[in-house]
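Heads up: the structure comes next, in structure tokens.
Lettering follows sequence order; numbering is per chain, from 1. Note that the structure is a prediction, hence the values are computed from the model and not measured.
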Amino acid sequence: MRDWKRTHTCGALRGMDAGSGVVLVGWLHRLRTHGGVNFADLRDRYGMTQVVLRDEAEMHGRSVTGLRGEFVLGIRGRVSARPDGMVNPKMATGEIEVLADEVVVLNESEVPPFVIEDETNANEDLRLKYRYLDLRRTPMKNNIVLRHRVAQAAREVLNGEDFLEVETPTLVKQTPEGARDFLVPSRLQPGKFYALPQSPQLYKQLLMISGLDRYYQLARCLRDEDLRADRQPEHTQIDIEMSFVTEDDVFALCERLMSHLFRTVLDRDLEVPFRRLTYAEAMSRYGSDKPDLRFGLEIVEVGDCLQTSGLKIFQDALSSGNTICAIRVPGAAGWSRKEIEAFGSIMEEAGGRGVLWTKAEAGGFTGGVAKHLDESCRDSLRERLGIGDTDLVLLAADKGSRVNVLLGVLRRPLAEKLGIIPEGVDAFAWVTEFPLFEWSEEEDKWESTHHMFCMPRCEDLDYLDSDPGRVRGQVYDLVYNGIELGSGSIRCHLRSLQEKIMKRVGFPAELAEERFGFLLKAFEHGAPPHGGIALGLDRLVMVMACRETIRDVIAFPKTTTGGSLVDGCPSRVPARELEELGLTQSELKKD
RNA sequence: GGGGCCGUGGUGCAGUUUGGUUAGCACGCUGGCCUGUCAAGCCAGAGGUCGCGGGUUCAAGUCCCGUCGGCCCCGCCA
């Protein structure tokens, strides 16, 4: 057989190539027969080229009508400018076509289980089973390409700023607290286990103590927890750590990083510095620690406006010290009771007791709780909320900040119904000053909000013992359009303080020594002040690709039950291998 | 651990509420026609254990129970 090394890809040829002899290889995307002249679209990663097959082409024993979709073909021919009026402006290669002299079938293909085209109607489980076919589709291929470009652009920025890419172990010590670990049994030390890393957290801190100063890694992180559209058991972080930095340094670096990514990959400019708001502010104004700032619909406390209302719910709330908050929904006075109460249902699903409401129309208040609002209530509500003439007001009363969370749940659905979420807006923000601890009812103890290696804010150090819930950390999240894209902190680098924090979350000195002795020891050998961040690469690429799930930006993702449909893992293993590891499967049911 | 939705030719869906003769549509597929198509067109055709198991019934895609698989959400995910 002659040499079938390609001279061009299927996306390369242009009008100026007319007259050249070329060899193309690729998959037969579609074949259109017209008797004496036939058109074959040849597809590869780089694009699509129309090949003209006439009767005189050497087919090596094949007939044109014997060719099928997804056959792998080699084409030898000549580039020809398309005749007048035949140029296809929808194709990058639409100015030309290749007149085939010779066609060879490099491999045949079964009829694919779904059609390889940009808009597929195939269900996701089928696409996952035949992922290699799904990835032939242009949108999926583009996601993978986009991911590559994001990863490389991130490396460019970090390499250019003297960061070192360092790999950390995959077989690590099991960590107490945090997510459930994936465990790997040790053969050489029967009965003992490695864990797969939830993140390289401790290793990157050790690298700072090593004096490497600036580290990054595109790190796989593994957590044995339930899946979601934006959560997989294994995901990738752009993991960053720096010595001798403040929060501002980390923010500025990430802003340079994100600006470069959006500029080079999406050709979009970001407004920097990103907006900053404290955790307390985010929770009170938006009812969320990852607020969507593309639209308003802010939550406002209105308890004092309702002192004179006779409504029992208000009276009870005020007398019991509960909070009453409201959202002004501009232009929604025309909504029906049914439409409004749909939002009450959303609130109930979130654990609330439904929503109260009233409408501001023609200078007055109507509907819902309007009849329980006297002039004084109305005036103060008008002023507090800036109520216009066609507004709906949603109100809720509940304990403390719970009410903000409940109303916060409504913001996105409200914005969608109002159609006020702007296209193409990149609403980045830093949420800062996260509390260091939160009380766990379930465990009946204080737990770390982020993780136990975060530095408290200096001014809150005195509350570590007296009022742990009041201690804010040098802890921050990066938020984009209501999605958490990353989180980080300035770390604790002082042994005594770290021990104090560990004690607070249930690790007395002895236990801390056993579990984290190596880190505490390292702190005694000149640990520099340091901090960093971990950015979720999957989520970042997901939002950049405008996808709804990170499965679309992962080549081989898992299903919601943690399975891989393309290869069928997890799977059973031979009993002999279990024995070798000192494991038995007696409790597990057979297939 | 809990809640919800889905499963019908290769693919996507209709049919299930109210059980009843040959399970319908589109795309794809197969064969034929066709010398300028590019989501080609026209003609003809093949293709279905209704996820699986059990039950109710004269009769089950349809009703009941169980089970498997996929998706979404709560819990969980420092």
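Electrostatic pairing of A:Arg231 and A:Asp226 does not count as a salt bridge here, judged by no charged N lying under 4.0 Å from a carboxylate O. A salt bridge links A:Glu124 to A:Arg551: one of the charged nitrogens lies within less than 4.0 Å of a carboxylate oxygen. At a threshold of 4.0 Å, the pair A:Arg137-A:Asp134 counts as salt-bridged, since one of the basic side-chain nitrogens sits closer than that to a carboxylate oxygen. At a threshold of 4.0 Å, the pair A:Asp552-A:Arg127 counts as salt-bridged, since one of the basic side-chain nitrogens sits closer than that to a carboxylate oxygen. With respect to A:Arg30 and A:Glu117, a salt bridge is recorded, a charged nitrogen being found less than 4.0 Å from a carboxylate O.
B:G7 and B:U62 are spaced 15 Å apart, taking the C1' atom of each and rounding to whole Å. When the C1' atom is used for both B:A40 and B:A46, the distance is 23 Å, rounded to whole Å. On the C1' atoms, B:G70 is 24 Å away from B:G54, given to the nearest whole Å. Atom C1' of B:U22 sits at a distance of 24 Å from the matching atom of B:C63, rounded to the whole Å. Spacing of C1' atoms, B:A60 relative to B:U49, comes out at 14 Å, to the nearest Å. B:G47 and B:U30 have their P atoms separated by 15 Å, with the value rounded to a whole Å. To the nearest whole angstrom, the two C1' atoms, one in B:C76 and one in B:C29, are 46 Å apart. Separation of the P atoms belonging to B:C72 and B:C13 is 15 Å when rounded to the nearest angstrom.
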If a protein heavy atom is under 4.0 Å from the base, mark B; if only from the sugar-phosphate, S; if neither, -; do that for nucleotides 24-36 of chain B going 5' to 3'.
----SSSS-BBBB
Treating primed atoms plus P, OP1 and OP2 as sugar-phosphate and everything else as base, which nucleotides of nucleotides 45-52 of chain B get B, S or - for protein heavy atoms under 4.0 Å?
--------
Treating primed atoms plus P, OP1 and OP2 as sugar-phosphate and everything else as base, which nucleotides of nucleotides 70-76 of chain B get B, S or - for protein heavy atoms under 4.0 Å?
SBSSBBB
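Distance check: A:Asp125 CG to A:Thr559 OG1 gives 9.5 Å after rounding to the nearest 0.5 Å. Here CD of A:Glu433 is found 10.0 Å from CG of A:Leu277. Values are rounded to the nearest 0.5 Å. A:Met91 contributes atom CE, which lies 6.5 Å from atom CD of A:Gln50 (distance to the nearest 0.5 angstrom).
The interatomic distance linking A:Asn88 (CG) with B:A40 (P) rounds to 11 Å, in whole Å. In this entry the distance linking CZ of A:Arg137 with C1' of B:U11 reads 13 Å, nearest Å. In this entry the distance linking CZ of A:Arg43 with C1' of B:C38 reads 15 Å, nearest Å. Regarding A:Lys90, its NZ atom lies at a distance of 12 Å from the C1' atom of B:U37, rounded to whole Å. Distance CD1 (A:Ile346) to P (B:G4): 18 Å, rounded to an integer number of Å. Here the P atom of nucleotide B:C77 and the NZ atom of A:Lys290 are 13 Å apart, to the nearest Å. Atoms CD (A:Glu70) and C1' (B:G10) sit 14 Å apart, rounded to a whole Å. Rounded to whole angstrom, the span from the CG atom of A:Leu53 across to the P atom of B:U37 amounts to 16 Å.
Using a 4.0 Å heavy-atom criterion, one finds that A:Met48 contacts no nucleic acid atom at all.
Between the side chain of A:Asp41 and the base of B:C38, no donor-acceptor pair under 3.5 Å is found.
Under the 3.5 Å distance criterion, with hydrogens and angles disregarded, a donor-acceptor pair is assigned to the side chains of A:Asp567 and A:Ser564.
In this structure, B:U62 forms no base pair with any nucleotide, since neither Watson-Crick nor G-U wobble geometry is met with both distances under 3.5 Å. In this structure, B:C33 forms a base pair with B:G41, meeting either the Watson-Crick or the G-U wobble geometry with both donor-acceptor distances under 3.5 Å. When Watson-Crick and G-U wobble pairs are counted only if both distances are under 3.5 Å, B:U17 pairs with no nucleotide at all. Pair check for B:C50 finds none; no Watson-Crick or G-U wobble contact set falls under 3.5 Å. The partner of B:C5 is B:G70, judged by Watson-Crick or G-U wobble contacts that both fall below 3.5 Å.
Sorted by first then second residue, the side chain to side chain donor-acceptor pair (under 3.5 Å) pairs that include residues 505-519 of chain A, not counting sequence neighbours, are A:Arg495-A:Glu513.
The heavy-atom pair separating A:Ile501 from A:Met452 by the smallest distance is CG2-O, 3.7 Å.
A:Tyr476 is linked by a ring-ring contact (aromatic ring centres under 6.0 Å, His included) to A:Phe251, counting only residues two or more places apart in sequence or in another chain.
Under 4.0 angstrom from either OP1 or OP2 of B:U37 there lies no side-chain N or O belonging to A:Arg32. Regarding contacts with the backbone of B:U11, every side-chain N or O of A:Asn123 stays at 4.0 angstrom or more from both OP1 and OP2.
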Acceptor/donor pairs from residues 235-242 of chain A side chains to any protein atom, 3.5 angstrom cut, sequence neighbours excluded:
from: A:His235; atom 1: NE2; to: A:Gln237; atom 2: NE2; distance (Å): 3.4
from: A:Thr236; atom 1: OG1; to: A:Arg147; atom 2: NH2; distance (Å): 3.3
from: A:Thr236; atom 1: OG1; to: A:Arg220; atom 2: NE; distance (Å): 3.0
from: A:Asp239; atom 1: OD1; to: A:Lys204; atom 2: NZ; distance (Å): 2.7
from: A:Asp239; atom 1: OD2; to: A:Tyr215; atom 2: OH; distance (Å): 2.8
from: A:Glu241; atom 1: OE1; to: A:Lys204; atom 2: NZ; distance (Å): 3.3
from: A:Glu241; atom 1: OE1; to: A:Arg491; atom 2: NE; distance (Å): 3.4
from: A:Glu241; atom 1: OE1; to: A:Arg491; atom 2: NH2; distance (Å): 2.8
from: A:Glu241; atom 1: OE2; to: A:Arg491; atom 2: NE; distance (Å): 2.8

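Distance alone, capped at 3.5 Å, places no donor-acceptor pair between the A:Thr49 side chain and the A:Leu42 backbone.
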